[in-house]
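Okay, so here's the structure we're looking at.
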Amino acid sequence: MDEHYELETLAVRAGIERSQFNEHSEAMYLTSSFVFKNAAQAAARFSGQEPGNIYARFTNPTVSVFERRLAALEGAERCVATASGMSAILSTVMGLLSAGDHVIASRSIFGTTVQLFNNILARFGVETTLVSLTDPAEWRAAIRPNTRLLFVETPSNPLTEVCDIAELSRVAQEAGAKLAVDNCFCTPILQRPLELGADIVIHSATKYLDGQGRVLGGAVLGDAKTLEGIYGFLRTAGPTLSAFNAWVILKGLETLNIRMQAQSANALDLAQWLEAQPQVERVYYPGLPSHPQHALAMRQQKSGGAILAFDVKGGKDAAWRVVDNTRLLSITANLGDTKTTITHPATTTHSRVTPEQRAAAGIGDGLLRVAVGLEAVSDIKKDLERGLAAR
Ligand SMILES: *Cc1c(COP(=O)(O)O)cnc(C)c1O
C-alpha cells in the first residue's frame with residue numbers, strides 16, 4: 001500500500017490484489033500451475049523477464065498476498081512463506097550457509113531448532129555454538145572468523161527470558177554475520193526485530209499468526225538481497241506454504257492485533273494473580289516488575305506477551321496436580337492459540353534434555369508453562385486454583 005498505515009490497518013488490508021472478479025475477501029487459488037498466453041510468454045516468465053506465476057512451488061497468488069501482508073507488518077522488504085516454522089529455519093540456514101560456516105545460537109531456542117543445528121546441520125559441516133541468551137559477552141566470546149549467523153528467540157521458552165536485540169545486532173555486525181530472530185512469541189504486533197537491527201525475522205505461523213490452531217506454516221523476512229538465496233533454496237527444495245494454509249493464516253492475521261492485545265492483557269492479569277498465590281514459588285513473565293529483564297522487555301516489546309511460566313511449590317507431584325485438576329485448559333505442548341494451554345516442560349518439551357541441563361537452564365520439576373488464550377481470565381484462574389489448592 002502506498003500510503004503509511006498503522007499495524008491495525010495493515011493486518012486486515014495489506015497485500016490484497018484482486019482478480020478480474022473484484023472479490024472483496026481474498027480468494028484462494030488452488031492451482032499447482034499457471035498457463036501462458038503463448039510460447040513467448042512462457043519463455044519470458046521462465047527467463048524472469050516477465051514477472052508472474054509459473055508453478056506453485058515457486059509462487060501462488062494466495063501465498064503472495066500472505067507474504068506481502070506479513071512483510072508490511074514486520075516492516076520487511078521481502079517475505080518468503082514456508083510450509084512450517086521449522087522449514088522457515090531450514091530454508092534460512094540452507095540459503096545462507098555453506099560447509100565450514102559457524103552459527104551461534106542461544107541455548108534456550110526451540111528444542112527442534114537445536115536438533116536441526118546439532119544433528120543435521122553438523123552433518124553438512126556447519127558447526128553451532130550454544131550460548132546464554134541474556135549475556136552479550138558470551139556471544140562476543142563465541143565469535144570465530146567463519147561465524148555467519150547469530151540465531152535467537154526472545155522471549156525464550158519456557159522461562160520468558162529476554163535478550164537485547166539491538167545489542168546482539170551490534171555483535172553480529174562486528175562479526176560480519178547476520179542476526180536472525182525467531183519472533184514467534186511476540187509477533188510483529190508486540191515486537192519488530194528488523195527495526196531493532198536484526199537482519200532476518202523467522203516465524204512459525206502455526207502459532208499466533210494463525211492463532212486458532214488449524215494449520216502449519218512459516219515465514220522468513222528481511223531485505224530482498226538476503227531473502228533471494230533463501231527463496232532460491234525454497235523454490236528448489238520445495239518446503240513451500242500451500243495456498244490453503246496461506247489463506248487460513250491470512251484470515252488469522254486480520255485478528256492478530258486484537259488477539260495479541262487481549263491475550264497479553266489476560267496473561268498480565270494471570271501473572272499478577274499467580275504471584276500472589278502462596279503455593280506459587282516464582283512467576284516468569286516479562287510484564288512483571290519482578291522479571292529480571294522487565295525494563296528491557298518493556299522497551300523492546302509493546303507488552304509482556306501471552307506466555308508465562310511459574311514454579312509450583314512441591315516439585316513435579318504438585319505441578320502434575322495442577323495440570324490434572326484442570327477442566328478448561330488444554331493439556332498440550334502447543335501455544336499461540338485462542339484456547340489456553342498448559343504444559344509441564346520437564347516431562348514434555350524438555351524431557352529429552354538431561355536433568356543436569358534442565359537444572360542449568362532453570363527448568364525445575366515444579367515449572368508449568370501457560371500460553372494464555374482468550375477465555376475470561378477469571379475462568380482460567382478458577383481452573384488453576386483447583387489444582388493449586390489440592391495439596
Ligand atoms: C513451534 C515453534 C517453531 C517450529 O514451528 P513449526 O511450525 O512447528 O514447524 C519454531 N520456533 C518456535 C519459537 C516455535 O514455538
Side-chain angles (χ1 to χ4, degrees), residues 63 66 70 74 79-94 103 105-121 128 130 133 149-163 165 180-191 193 198 200-221 230 234 237-242 244-246 248-249 252-253 256 260 263 286 301 305-309 330 332-337 341-343 345 348-350 352 361 363 369-373:
V63 175
F66 164 68
L70 189 58
E74 286 285 5
C79 170
V80 171
T82 59
S84 66
M86 285 319 300
S87 54
I89 299 170
L90 176 69
S91 302
T92 302
V93 297
M94 296 303 268
V103 178
S106 62
R107 227 170 262 123
S108 52
I109 53 175
F110 188 62
T112 314
T113 310
V114 177
Q115 285 176 41
L116 173 68
F117 287 177
N118 281 349
N119 303 343
I120 298 176
L121 277 192
T128 304
L130 297 178
L133 173 68
L149 181 69
L150 272 55
F151 189 97
V152 76
E153 237 175 84
T154 179
S156 73
N157 179 18
L159 294 174
T160 73
E161 287 178 309
V162 174
C163 77
I165 295 174
V181 177
D182 185 332
N183 202 24
C184 174
F185 274 33
C186 275
T187 83
I189 301 300
L190 303 184
Q191 172 173 278
I200 297 161
V201 166
I202 289 173
H203 275 287
S204 167
T206 315
K207 312 292 167 51
Y208 291 105
L209 303 190
D210 170 22
Q212 287 141 91
R214 298 168 294 196
V215 298
L216 292 178
V220 188
L221 301 103
I230 294 167
L234 193 82
T240 315
L241 184 64
S242 77
F244 178 80
N245 287 11
V248 170
I249 301 165
L253 285 184
L256 181 64
M260 288 314 290
Q263 291 179 222
Q301 308 173 196
I307 292 164
L308 60 82
S330 309
T332 167
N334 199 25
L335 60 93
D337 202 293
T341 65
I342 187 164
T343 313
T348 59
T349 52
H350 292 70
R352 276 186 279 181
I363 299 168
R369 186 197 72 195
V370 177
V372 184

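As the structure lists them, so they are numbered: ligands from 1, and atoms in each ligand from 1. Throughout, numbering of the chain's residues begins at 1 and tracks the sequence. Below, all heavy atoms of this structure are taken into account, side chains as well, without hydrogens, waters or symmetry copies.
A side-chain contact (heavy atoms from CB on, under 4.5 Å) with Val103 is found for one member of Thr128, Leu150, Leu130 and no other, namely Thr128.
For Asp210, the side-chain hydrogen bond (donor to acceptor under 3.5 Å, both in side chains) partners two or more places apart in sequence, or in a different chain, are Arg214. Every residue two or more places apart in sequence or in another chain was checked for a side-chain hydrogen bond (donor to acceptor under 3.5 Å, both in side chains) with Ser156, and none qualifies. A search for ring pair (Phe, Tyr, Trp, His ring centres under 6.0 Å) contacts involving Phe151 returns Phe117, not counting sequence neighbours.
With Thr341 contributing its side chain and Asn334 its backbone, the two residues share a donor-acceptor pair below 3.5 Å.
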Given side-chain hydrogen bond (donor to acceptor under 3.5 Å, both in side chains), test Glu74 with Asn183 step by step and report yes or no.
CA-CA 10 Å; Glu74 286 285 5; Asn183 202 24; 3.0 Å; yes
For ligand 1, list all ligand N or O to protein N or O distances below 3.5 Å, rounded to 0.1 Å.
{"residue": "ligand 1", "atom": "5 (O)", "partner": "Ser204", "partner atom": "OG", "Å": "3.0"}
{"residue": "ligand 1", "atom": "7 (O)", "partner": "Gly85", "partner atom": "N", "Å": "2.8"}
{"residue": "ligand 1", "atom": "7 (O)", "partner": "Ser204", "partner atom": "OG", "Å": "2.9"}
{"residue": "ligand 1", "atom": "7 (O)", "partner": "Thr206", "partner atom": "OG1", "Å": "2.6"}
{"residue": "ligand 1", "atom": "9 (O)", "partner": "Gly85", "partner atom": "N", "Å": "3.1"}
{"residue": "ligand 1", "atom": "9 (O)", "partner": "Met86", "partner atom": "N", "Å": "2.8"}
{"residue": "ligand 1", "atom": "11 (N)", "partner": "Asp182", "partner atom": "OD2", "Å": "2.7"}
{"residue": "ligand 1", "atom": "15 (O)", "partner": "Lys207", "partner atom": "NZ", "Å": "2.6"}

